[in-house]
Undergrad: 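Could you have a look at this structure, given as structure tokens, before my questions?
Letters go in sequence order (proteins before strands), and every chain restarts at 1.
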Amino acid sequence: MYSDAACFFTRIENYNPDHVACLRMAISENFQISCSRLSKRFVNRGETLTAFEDISFQVRSGEFVCVLGPSGCGKTTLLRTIAGLETHTDGELVVKTSRADGNPDIGMVFQEQALFPWMTVYDNLAFVLGNNPDFLQAEIPSIVNEFLVKVGLEKFARYYPHQLSGGMKQRVSIARGFATRPEILLMDEPFVFLDFQTRLRLHELLLSLWQSFQKTVVFVTHDIEEAVLLAGRVIVMTARPGKIKKTIDINLDRPRDIFAIRHKKLFLGYIQTITELLKEEMQSLEIE
Amino acid sequence: MNSVRNDAKRLLIYTISPAVLFVVWEICARAGFLDVRFFPAPSTIFYHLFFVSPEEGIVTDVIFSVYRIFAGYFAGCALGMMLGIGMGLSHLLRMAFYPLIIVTYPIPKIAILPLIMLIFGIGDLSKIVVVAIGSFFLVLMNTLHGVDSLAKIYYDVAAVYRISRRNFIFRIVIPGSLPSIFTGLKLAIGYSLVIVVAAEFSGADKGIGYLIWQSWETFSINSMYAGIFVIGVLGFIFSYTLDLLERRLVPWKDKK
């Protein structure tokens, strides 16, 4: 199907024979993202700090994965590494792409303030679309409008971000994330600064968008409930230096009703299990 | 329409405090609290400004000063913006120019006027060059600060969406630095007035600075005040125009 393997895979830093197995798996299993023994170390004033180490996991195409961990466990750095915003120091990262130029096709939703304040809501979307050679200038207005309708902000196209509430801003960010139709959507605690009710509505929105577009999503959060509610699989990380503590499959039916699901025994069971895992991590932190 | 009415209202409010000052001054002058030989009443000054000064050629003086300011200001601001953005984006440019800038920045621009006159002659050009140099530094420093204080997340967004270099500069860096650039532009226009008047004190035969100096030499106090008043009005017009421009070009900035 793919004649050119180099175009099929991107950002393979060094071909270590140890990791050939990981690559084979990535090919055979149709993994969108494969990490193998991934580590990242910083050197700060002569002191070596480890953001995360020995991270191995795979994300299948169309899967929704949450990375959950205590603050400072390197989960955001891990996400940024997948996005190509940081480089890892060890191990291998394979991000599959079907693009001809070999660049991974990624959309990203950040914590906050990632919209350009000097552009209107419309221009924030139109700008990233207009910069993407996959889109024709003529089709941009209808795509922007389509996604603003999907997030319920079509009436706010001419507003500037500072005229919107925090929840509306994140709706725009989500619309921007989906609008370029990326294969992979990376989300870095996008709802962390929102109040509970706003967050509920955005969970609902995100799930319905994911359901209709079937993107591969990696979602970083420290909120256990959020992770169980959204993900098909939760990767629980240890405290710094971040390693994978446990991976838990969330076998809850889809589409999920964000209110009804809260009464399900299974849902509560997952939350208890993960809470116990995080409790251990908190205790280990206190001992340090 | 609404914003036009707001602008008019703002302009009206802006005239209140100067008007109060003139009224108090007038009263003090007429009541004899002020020595009118040194502090003539505003009404005397206005009469002189509107009926005597035009005869003495104040219009030509204003035209010459404004011409020198504009030519120098636009050239200095344009260069300052370009180099500021260049230095903000390119490590090489920053390393090359920053030492030169921080050494030359604190030198009073008037101190180099004799040198400039030596190089560019005693005509208009030397005044324009001094104004340009003064504007250049203020705009450069503020532009550089604007680029440096752009939130790091914009670089991340640009990287994730592979924003082209051109779009990155023109749609992200420049608009993002505009609030800071405007601070520089406003400081520079005021400073340009200061410089041009000082430069015209010596070695000029036209201009507002020349008018004031000439009036001092002939003890023509009313002409002197007329010159000072014109400078104030010019300063007000320039600053107000820049304020208007800022509100049009930086609509996302919190308004006061």
Undergrad: Please state whether the side chain, the backbone, both or neither of Leu186(A) comes within less than 4.5 Å of a heavy atom of chain B.
TA: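 Neither the backbone nor the side chain of Leu186(A) comes within 4.5 Å of chain B.
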
Undergrad: May I ask you to check whether over 12 heavy atoms, not counting those of Tyr98(B), lie within 6.0 Å of atom OH?
TA: no

Undergrad: Go through the side-chain N and O atoms of Glu139(A) and Ser142(A) and say whether any donor and acceptor fall under 3.5 Å apart.
TA: no

Undergrad: Do Tyr14(B) and Phe236(B) come close enough that some side-chain heavy atom pair is under 4.5 Å?
TA: yes

Undergrad: For chain A, which residues of residues 149-183 of chain B have at least one non-hydrogen atom nearer than 4.5 Å to it?
TA: Leu150(B), Ile153(B), Tyr154(B), Asp156(B), Val157(B), Ala159(B), Val160(B), Tyr161(B), Arg162(B), Ile163(B), Ser164(B), Asn167(B), Arg171(B), Ile172(B), Pro175(B), Gly176(B)

Undergrad: Can you tell me which portion of Gln163(A) sits under 4.5 Å from chain B's heavy atoms? Options are side chain, backbone, both or neither.
TA: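 No part of Gln163(A) comes within 4.5 Å of chain B.
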
Undergrad: Once the angle between the rings of His162(A) and Tyr160(A) is folded into 0 to 90°, is it parallel (under 30°), tilted (30 to 60°) or perpendicular (over 60°)?
TA: parallel

Undergrad: So is Arg176(A) actually on top of Phe116(A)'s ring, under 6.0 Å and inside 45° of the axis?
TA: yes

Undergrad: List the steps, then state whether salt bridge (charged side-chain N to carboxylate O under 4.0 Å, His left out) holds for Asp243(B) with Lys186(B).
TA: CA-CA 8 Å; Asp243(B) 277 345; Lys186(B) 287 190 214 171; 3.1 Å; yes

Undergrad: Can a side-chain donor-acceptor contact be found between Gln32(A) and Ser61(A) if the only test is distance below 3.5 angstrom?
TA: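 Indeed, the side chains of Ser61(A) and Gln32(A) share at least one donor-acceptor pair under 3.5 Å.
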
